[in-house]
Undergrad: 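Can you read through this structure? Questions will come right after.
Side chains included, hydrogens not; waters and symmetry mates left out as well; all remaining heavy atoms used. All values reported here derive from a predicted model rather than from experimental measurement.
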Amino acid sequence: MLQNHLIDSPVDLRNLSIPSLEQVCEDLRAFLIDHVSENGGHFSSSLGVVEITVALHYIFNTPVDKLIWDVGHQAYPHKLLTGRRKRFYSNRMLGGISGFPNIDESEFDAFGTGHSSTSISAILGMAIAAKYRGEHNRQHIAVIGDGAMTAGLAFEAMNNAGYEQPNMLIVLNDNNMSIDNNTGALQNHLTDLTSEKHYNHLRLYLKTLLSAANPSQKWAISTIRKLEKAIKAGAIRYSNLFETLGIRYFGPVDGHDLKKLINSLERLKNITGPKLLHCITVKGKGFAPAMTEQSKWHAPGTFDKYTGAKINKSSTKSLNTTYQEVFGDTLIALAKDNPRIIAITPAMLSGSALNKMKIEMPERVFDVGISEQHAVTFSAGFAADNMLPFCTIYSTFLQRAYDQIIHDVALQNLPVIFCIDRAGVVGADGPTHHGAFDICFLRCIPNITGASPMDLEDFRNLLFTAQSNTIKGPLAIRYPKSSGSGNPRSNFKKLAIGKGRRIKSGKHIAILSLGPVGQYVIAACQELLLEQMDIAHYDLRFFKPLDEDLLHEVFSQFSTVITVEDGSISGGVGSAIMEFMIENCYNATLKRLGLPDKFAIQGTQEQLHRLYGYDHKAIVKLVSSLYSTTIQNSDNRDNLKTHRKER
């Protein structure tokens, strides 16, 4: 076995023979299987791109040559070969290396890529910058999966690249998968490129013809190019999409044949202009369970590397149902009684728990691929035609469709139900994936109603209320990636729009919470009561509109108010309550708990709640620090009221 500890840089690779490089590939797969089975992380995507990674770093002079990995799920081999093997144990952990390319982490990470489909735009910018500065020898490579290629941003970038004609290479990693199976016309087109019999027969014929030619005979380059163009465009039933955009197409090639990859990349390095190398790979290559159940092994958690059996490292296994499970089951139940309900998701069918509904009601569930903007306007089209679309989308990905939310949904006051999954901090995926900003960017949009349930029962009731014709315009329901408390099979109950609830009465201090972090407040109130501190707790339930009757009650009774939310406190629900307090001339001490005005780092949800000061211990600490002063101020206020009455 080749000793991978000797490979700390791509420079080390370039001194090896092809057989030694093939051994490196085997060692990389073994390392990844060992690491992910023990520590979790993104798995099958990285296994599928091992040979491509080795070939790219072998042929190109990285980091001088710029290499961008789209999304980053496939970047683990890249990290191992670029000086981060010794720290890889800390991948996705608090204080450790990022699970995605990160420009602050390594000079080999030319661009940060946590969201998909950005690589071609970014590498195009770098390629044109190099052209402007006269750096004609620098190479620019973007590796993008066929799932990420479905996004509009990728097409916009390719269209621009075809016009500008810079020196750049797109490596299309085609494994017929994103996280779930790919859908759409592009996937059909790629299948045509790889399987159309006339195309492959002509390729074989041309190869035979050229190899049989007398060595003394020289084919004119123009003749070869004409034959190549005939194969790519005329022999295939459809014109080659990439060639039509002005990008020269090469392939398909076996993405696991290292020698062929190296030869192909060596030739392409000397061809100017934009070009695309189409590589066919197998997601999960080298680990049999991941090759047969690719969606399941995208990010499997810990597992037995010999059997593939999942391992739960927690000392006590949670028996609670997740918000995702409740969403999937509830939507099926509601859809059976309401024929207007339609579900839409941008490539997150299993992650958002819509896969069961897709099986049971396939004509009412639409996976539109990695196309968040389209998902929102597609939903708006349904709503405009008297259907009731549930647009199910992760909070971090909803950011990509902000104009569509405003222009296509809210402005027309259409009844689109936004089910915002992964709201709040999400854990190890880190700053690119935290759902920190949805409250902030939604509450300023007219016509939108926004809510966040504190428990599973409340979540079911919000979903039930959403389809009951109570709300005429768009509704956003945000919920975390976690299990929850409460009865996940309770009877449905219609909720009053914009109304919160008092969870616990108390004295002196009131805590207003939004969403599942209210469970921290419940625990804190119980602990504080043991210390003779009787604190009131209110669940806001809605961040827009606010329950003004509830807030008048709170500010008329309490001189100290604390807000708690799992999101940015800059512009969040705490800010909304501060605005209410000022506009209504209340004088109170207001403390806001939530994410600070910076990008939250990676770590478990519990670690991040504690780090940023809004878990139950932080709430206890804050209340304890405020309590004596609050009592004194309350007593002074009561004495002043009594004195005024006596006068």
Undergrad: Can you confirm if the aromatic rings of F303 and F43 lie within a centre distance of less than 6.0 Å?
TA: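 Distance test on ring centres: under 6.0 Å, yes.
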
Undergrad: If you count the non-hydrogen atoms of other residues, nucleotides and ligands that lie under 6.0 Å from NZ in K358, is the total more than 12?
TA: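 Enclosed.
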
Undergrad: Only counting residues at least two apart or in another chain, list the ones meeting salt bridge (charged side-chain N to carboxylate O under 4.0 Å, His left out) with K336.
TA: E360

Undergrad: Can you check whether F599 and H434 have ring centres sitting under 6.0 Å from each other?
TA: no

Undergrad: Under 6.0 Å between the ring centres of Y323 and F327?
TA: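 No - the distance between ring centres of Y323 and F327 does not fall below the 6.0 Å cut-off.
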
Undergrad: Does any donor atom in the side chain of N338 or Q467 lie under 3.5 Å from an acceptor atom in the other side chain?
TA: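 Looking only at side-chain atoms, Q467 and N338 do form a donor-acceptor pair, the distance falling under 3.5 Å.
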
Undergrad: Any donor and acceptor pair, going by atom type alone, linking the side chain of S117 with main-chain N or O of A148 inside 3.5 Å?
TA: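 Checked: pair present.
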
Undergrad: Students often mix this up, so state it plainly: with edges at 30° and 60°, are the rings of H609 and Y520 parallel, tilted or perpendicular?
TA: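 Judged by the thresholds at 30° and 60°, the geometry between H609 and Y520 is perpendicular.
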
Undergrad: Name the orientation class of the two ring planes belonging to F459 and Y479 (parallel below 30°, tilted from 30 to 60°, perpendicular beyond 60°).
TA: tilted

Undergrad: For D549, is there an ion pair with K499 - N to carboxylate O distance below 4.0 angstrom?
TA: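 The answer is yes: the pair qualifies as a salt bridge.
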
Undergrad: Determine whether a donor-acceptor pair (N or O, by modelled atom type, separation under 3.5 Å) exists between the side chain of R592 and the backbone of G574.
TA: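 Looks like no, no N/O pair under 3.5 Å.
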
Undergrad: Before accepting this row, confirm whether a basic side-chain N of the pair K356/D329 lies closer than 4.0 Å to the acidic partner's carboxylate O.
TA: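 Judged by the 4.0 Å cut-off on N to carboxylate O distance, K356 and D329 do form a salt bridge.
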
Undergrad: Consider only side-chain N and O atoms of S395 and R478, and report whether a donor and an acceptor are under 3.5 Å apart.
TA: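 Not at all, the side chains of S395 and R478 share no donor-acceptor pair under 3.5 Å.
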
Undergrad: Tell me if a side-chain donor or acceptor on T377 pairs with a main-chain N or O of H374 at a distance below 3.5 Å.
TA: no

Undergrad: When you measure from the side chain of N159 to the backbone N and O of F155, does any donor-acceptor pair fall under 3.5 Å?
TA: no

Undergrad: Inspect the contact between E553 and R502 and indicate whether a charged nitrogen and a carboxylate oxygen are less than 4.0 angstrom apart.
TA: yes

Undergrad: Any donor-acceptor pair under 3.5 Å linking the side chain of S98 with the backbone of R92?
TA: no

Undergrad: Would you say the side-chain atoms of N102 pair up with the backbone N or O of G112, donor to acceptor, closer than 3.5 Å?
TA: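 No, because the side chain of N102 does not come within donor-acceptor range (under 3.5 Å) of the backbone of G112.
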
Undergrad: Give a yes or no on whether a salt bridge exists between R443 and E579, defined as a side-chain N under 4.0 angstrom from a carboxylate O.
TA: yes

Undergrad: Within the supplied structure, the quantity of interest is the number of heavy atoms (other residues, nucleotides, ligands) at a distance under 6.0 Å from H407 NE2; does it exceed 12?
TA: no

Undergrad: Please check if the side chain of T465 supplies one atom and the backbone of L495 the other of a donor-acceptor pair under 3.5 Å.
TA: yes

Undergrad: Does one side chain, of Q602 or D429, offer a donor that lies under 3.5 Å from an acceptor on the other?
TA: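 There is no such pair between these side chains.
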
Undergrad: Give a yes or no on whether the backbone of S119 and the side-chain of D70 come within a donor-acceptor separation of less than 3.5 Å.
TA: yes

Undergrad: Assert yes or no for the condition that the ring centre distance of F390 to F382 is strictly below 6.0 Å.
TA: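 No: the rings miss the under 6.0 Å criterion.
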
Undergrad: Over 60° means perpendicular and under 30° means parallel, so tell me whether H433 and F100 are parallel, tilted or perpendicular.
TA: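 Answer is parallel, since the angle falls under 30°.
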
